[in-house]
Amino acid sequence: MAAEEENPALSNLPEESSAVVPDDELMIDKSSHIQPTPPIIPPVIPSSIPVLPSIAPIPIVPPRPLAPLPIRPPATRPPGVQNGEMRTSDSDSDQEELSPTGTTPGSTGGYEISEASRLVRERQQKAMQEFMMKKRAAALAVPTNDMAVRTRLRRLGEPITLFGEREMERRDRLRMLMAKLDSEGQLEKLMKVHEEEEAASSAAAEDAEEEFVQYPFYTEGSKDLLDARIDIAKYSISKAALRLQRARRKRDDPDEDEDAEIDWTLNQAESLGLNCSELGDDRPLSGCSFSCDGEMLATCSLSGVAKIWSVPQVTKVSNLKGHMERATDVAFSPVHNHLATASADRTARLWNTDGSLLMKFEGHLDRLARVAFHPSGKYLGTTSFDKTWRLWDIDSGVELLLQEGHSRSIYGIAFHHDGSLAASCGLDALARVWDLRTGRSIMALEGHVKPLLGISFSPNGYHLATGGEDNTCRIWDLRKKKSLYVIPAHSNLVSQVKFEPQEGYYLVTSSYDMTAKVWSGRDFKHVKTLSAHEAKVTSLDISADGRLIATVSHDRTIKLWSSRSNEKDAMEVE
């Protein structure tokens with residue numbers, strides 16, 4: 001107000017001078033960058049200076065709108081390889097990958113690339129294809145069996161092997177070939193190969209099943225064997241009943257039986273000794289056996305000749321000649337005065353006591369080791385180095401059973417006193433128990449560490465003794481199926497073991513340490529040592545009444561040991 005009062009001319013200016021010019025009257029190019037003029041502030045004029053009229057302000061002209069830029073069409077990029085496939089999708093993701101300029105990152109934007117760049121790009125694409133090929137090959141299932149690999153290569157029309165190619169290299173070649181077929185879309189060829197392989201395997205399985213049905217793992221026995229099994233079953237039932245009756249009587253009156261057994265064992269221990277004879281022979285003796293009545297003793301030697309001697313006079317009764325090679329064992333029948341011999345000529349022969357040949361058993365493929373009669377006297381068992389033992393019919397001479405089961409030669413054989421079981425032992429350090437009524441191996445006794453040479457059943461029905469080259473004798477309990485006692489019997493191999501035939505009151509072992517030893521049948525403690533031979537003791541036998549023990553040796557002598565004190569006189573027989 002003070003300024004107006006001082007300059008009345010300012011207040012008299014027309015109002016139109018402050019009016020704003022409309023926009024449509026101004027045509028100023030917005031593209032020109034005009035700096036806006038700051039408003040002019042009129043200076044304060046002192047009252048002494050004359051006031052000039054003010055200049056009207058220059059109006060601000062808005063910028064002219066720019067013309068729109070032309071839109072360049074998006075550059076199309078060639079389809080690339082992704083995961084082994086050509087990608088031709090035009091989805092939004094492809095547009096998103098474009099740079100703001102509308103070109104693919106890394107592209108030349110329509111410019112020509114150099115030869116070096118093109119080669120680098122080709123190498124990269126080739127490396128990527130190889131990588132994807134290997135990745136696909138790693139996911140394929142390739143056979144691990146070399147024969148299956150060869151078969152598949154043959155079905156695919158490829159060579160089954162290359163020069164110097166090993167199994168793993170062949171498998172890798174098949175893998176890469178299958179991956180290549182898969183990438184090329186030749187799956188039909190690959191599936192056809194798979195179908196052919198499956199058809200071949202199914203056909204082979206059907207053929208194997210048919211063969212299994214036609215040729216079972218077991219061999220069907222003959223009618224004679226079936227009849228023999230039935231006869232053995234009937235015989236064993238009656239014998240087992242008698243054994244159980246004896247065991248029942250012993251259980252009802254244990255004191256009386258225990259006293260009798262102790263007295264008998266003491267008498268044996270006190271009176272056993274050399275009774276008679278050193279019988280000359282031209283070759284070492286290999287076996288001996290008492291007759292069922294105890295009146296005769298049979299021996300065999302490495303000369304192939306067996307001899308029969310009267311007991312106790314020890315006079316020669318007859319010679320049994322017929323084997324072509326050394327005789328390995330001899331055994332008397334438990335019911336008749338017949339005896340059987342085994343030989344290295346692969347045969348066993350049945351003889352009469354007068355020296356006449358009754359039967360010849362042929363069939364083994366290697367030399368025989370031992371021979372034993374079944375308790376019924378109707379059947380004969382033989383062992384051989386052909387890894388089998390066989391059962392023969394005495395009357396007809398027919399081979400009833402050929403039994404395998406040992407991995408090495410079979411040496412010893414014994415029959416249970418009931419007749420139901422048979423036991424075999426061999427050079428594989430294994431003893432097996434067989435059920436003659438069914439033909440099954442019911443027990444395998446492992447414990448010895450060296451070959452077994454002797455085996456024997458106890459009359460009590462549940463003890464079995466074995467001896468072998470580990471210098472020990474083992475007592476097995478058939479009820480528990482394990483070893484009860486390990487007897488360190490001798491300082492050399494145990495050649496034979498025998499239980500006393502009546503009640504198993506004692507056990508006798510013979511050895512190559514030139515001795516035979518007697519052991520208690522109750523606790524298997526040492527009772528007596530029979531030492532008189534001057535060479536290896538090869539075999540022994542016990543008479544049916546248990547009063548005589550016979551031993552034979554490589555010193556070409558037979559020695560009889562008796563429990564009766566009135567028979568201590570010795571006789572020499574030429």
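Without hydrogens or angle criteria, Ser289 side chain to Ala298 main chain gives no donor-acceptor distance under 3.5 Å. Within the 3.5 Å criterion, the main-chain N or O of Leu540 finds no donor-acceptor partner in the side chain of Gln496. Side chain of Arg432 to backbone of Gly405: a donor-acceptor contact under 3.5 angstrom is found. Although no hydrogens or angles enter the test, the distance criterion places a donor-acceptor pair under 3.5 Å between the side chain of Asp541 and the main chain of Phe290. Looking only at distances, a side-chain donor or acceptor of Arg474 sits under 3.5 Å from a matching main-chain atom of Gly447.
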Ignoring hydrogens and angles, write down the donor-acceptor pairs under 3.5 Å from the side chains of residues 229-237, residues two or more places apart or on other chains.
{"unit_1": "Arg229", "atom_1": "NH1", "unit_2": "Leu436", "atom_2": "O", "d": "2.6"}
{"unit_1": "Asp231", "atom_1": "OD1", "unit_2": "Lys378", "atom_2": "NZ", "d": "3.3"}
{"unit_1": "Asp231", "atom_1": "OD2", "unit_2": "Tyr379", "atom_2": "OH", "d": "3.0"}
{"unit_1": "Tyr235", "atom_1": "OH", "unit_2": "Pro375", "atom_2": "O", "d": "3.3"}
{"unit_1": "Ser236", "atom_1": "OG", "unit_2": "Ile232", "atom_2": "O", "d": "3.1"}
{"unit_1": "Ser236", "atom_1": "OG", "unit_2": "Ala233", "atom_2": "O", "d": "2.9"}

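Ring geometry, Trp434 versus His406: the interplanar angle falls from 30° to 60°, so the pair is classed tilted. The aromatic rings of Phe361 and Trp392 are tilted relative to each other, their planes meeting at an angle between 30° and 60°. Ring pair Tyr485/Phe524 is tilted by interplanar angle, where 30° to 60° counts as tilted.
The minimum heavy-atom distance linking Ser318 with Gly355 is given by the pair OG-N, 4.0 Å. Between Ala369 and Asp329 the shortest heavy-atom distance is O-CB, 3.6 Å.
None of Val311, Leu339, Thr353 except one satisfies the side-chain contact (heavy atoms from CB on, under 4.5 Å) rule with Met296; the exception is Thr353.
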Pair Arg346, Ser384 - check side-chain hydrogen bond (donor to acceptor under 3.5 Å, both in side chains), show working. CA-CA 8 Å; Arg346 307 178 183 179; Ser384 172; over 6 Å; no
Going through the distances and angles, do Trp476 and His463 end up as a ring-ring contact (aromatic ring centres under 6.0 Å, His included)? CA-CA 6 Å; Trp476 307 84; His463 280 164; over 10 Å; no
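Using a 4.0 Å cut-off between charged side-chain N and carboxylate O, Arg367 and Glu325 make no salt bridge.
Listed by first then second residue, pairs satisfying salt bridge (Lys or Arg N to Asp or Glu O under 4.0 Å) with a partner in residues 388-407 read Asp386-Arg390, Arg390-Glu399, not counting sequence neighbours.
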